[in-house]
Amino acid sequence: MSEFRMPALGADMEEGTLVEWMIKPGDVVHKGQLVAAVDTDKSVIDVETFEEGVVTELLAQEGDRLPVGAPLAEIVPTPSSGVQAPAPAGSRPRVSPPVRQFAHRAGIDLADVHGSGEGGAITHADVEHAIGAPPHAESPEPEAAAAPAHAPAAPPPRSSPRARRLAAERGIDLATLTGTGPGGAITEADVGRGEGGGTAPSTAAPPAHPRTPPETPGKRAAGLRRTVGALMARSKKTIPHYYLTSTVDLRAATAWLEATNASRPIAGRLVPAALLLRATSIAARETPEMNGYFTDGRFVPSPRVHLGVVVSLRTGGIIAPAILDADELPVDALMERFRDLVARARAGRLQRAEMTEATITVTNLGDLGVDSVLGVIYPPQVALVGFGRVAEQPWAHDGMVGVRPAVTATLSADHRVSDGMRGARFLSRIDELLQSPGAL
Amino acid sequence: MDTQQARTAVESAFAEVAPDLGHDDLEDAARLRQDLEIDSFDFLRLVQVIADSTGVDTPEQDYHRLDTVGGFIAYVAEHAR
């Protein structure tokens, strides 16, 4: 018997709110399968299980706010791993994770879907079919007995996870809405209309079971500010920072970008930040003292580069999710992943690894016109690179003063792990890489 | 394209790229970077959405004309068929 517990999604997380179960008692889960969504004040994060087995009991309800380490579900290893499991409620067909996620997004309960694949496996087509079909009359399910107190009187309407989250934030009962999505599923837009329309939250039926009060955006921003503050205070208390600054000539990079972008459609154009991130990823891979974690009194360099990027949320606060294995991505792919990450960070939907595994972080305040930024390291990382505005600057070269586009790159690094000499080599390597943009 | 049509196109592009901005934030004088916190990635997406909806393909050297909401609308009105 093992327990699925509230994970620590970042060094600063103390508690989290379970916002969504993607499993129920009787489900077979596989290592790496997404099983729950957890709201950490920073973002809603999809969490996977590291267990292989059958879910026997959910110990927490959606809406519960719990400390890190609190048990959320009991998972019994499958018989193949040597332990006798209780028979799952009805034999569950196999479903591949993409199909499961597709069904989940569409608001389809896989228990209602007939599998036509090999060994009764549910395929993408089966789920599509189920979306078209009217929902089955709810057959009495054995697992319902496990949680009689929470069983709602009517089956909940189909809805997408984002719609549910939005509805919870705004205090709207989904049962009062009309769905316009596939198979009558309630979409985000429906929730938006529900708020504007006559179905005022006050007339909504009370929820079937008590939940924590919905958070207002203001409260959320305040929570995020507190979390960021606590983490930065810890960083300044425990990490002896040193700072280096270097002005990088971007004439070559800017000319390369202009030439490249001129021949590309808008969708394929690059922004200067993509080159800066690319150069930083390569330099981080080459400089182990900048890339890794300081935990339990010692530094462990990371063989992989997960590049954290600071994303400001317009509602207030910042988060720094990671582009995983950034050093292996060519500029175009890196740009694409960065765009996607920023969009999901702002939508509040990130994956666990993205929130917890950054090995070094970059902050880029250039868009707001500052010359440079001397940042605070995200523990347990040991370095943070900052870029200011890309702007034309007077530049002395060969006894002449000219004008060149340039950017001020800064490094905040941990003196327990490296010294200024090493840091200087790291920064000058970034500079060097940016002089040959075509090779990046 | 008249200014009103351009305004509608620009407003819906903002609604798509930066849904957290309210209608009232999009005054003509509002600066994209300083006032609306549109970063270079958001900006590129705005230009992309406008290209898809109006056919206005903005070259990089014209980006500076799009630094306020009013400038953006005027540019789209001038260049859309």
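Note on naming: letters A, B, ... go to the chains in the order of the sequence lines (proteins, then strands), and numbering restarts at 1 for each one.
The minimum heavy-atom distance linking Ile266(A) with Leu44(B) is given by the pair CG2-O, 3.9 Å.
If you measure heavy-atom distances from Ala273(A) to chain B, the contacts under 4.5 Å come from the side chain alone. Neither the backbone nor the side chain of Leu32(B) comes within less than 4.5 Å of any heavy atom of chain A.
Within the structure, every pair that satisfies the ring-ring contact (aromatic ring centres under 6.0 Å, His included) test and touches residues 328-349 of chain A, not counting sequence neighbours, is listed here: Phe338(A)-Phe41(B).
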Step through the atoms of chain B and chain A and list each donor-acceptor pair whose separation is under 3.5 Å.
unit_1	atom_1	unit_2	atom_2	d
Asp20(B)	OD1	Arg314(A)	NH1	3.2
Asp20(B)	OD2	Arg314(A)	NH1	3.3
Leu36(B)	O	Arg314(A)	NE	3.3
Glu37(B)	O	Arg314(A)	NE	3.3
Asp39(B)	OD2	Arg346(A)	NH2	3.4
Ser40(B)	N	Asp367(A)	OD2	2.8
Ser40(B)	OG	Asp367(A)	OD2	3.4
Asp42(B)	OD1	Arg346(A)	NH1	3.0
Asp42(B)	OD2	Arg314(A)	NH2	2.5
Asp42(B)	OD2	Arg346(A)	NH1	2.9
Gln48(B)	OE1	Ala267(A)	N	3.0
Asp57(B)	OD1	Arg269(A)	NH2	3.4
Thr58(B)	O	Arg269(A)	NH1	2.7
Thr58(B)	O	Arg269(A)	NH2	3.2
Glu60(B)	OE2	Asn261(A)	ND2	2.8
Tyr63(B)	OH	Arg269(A)	NH1	2.7

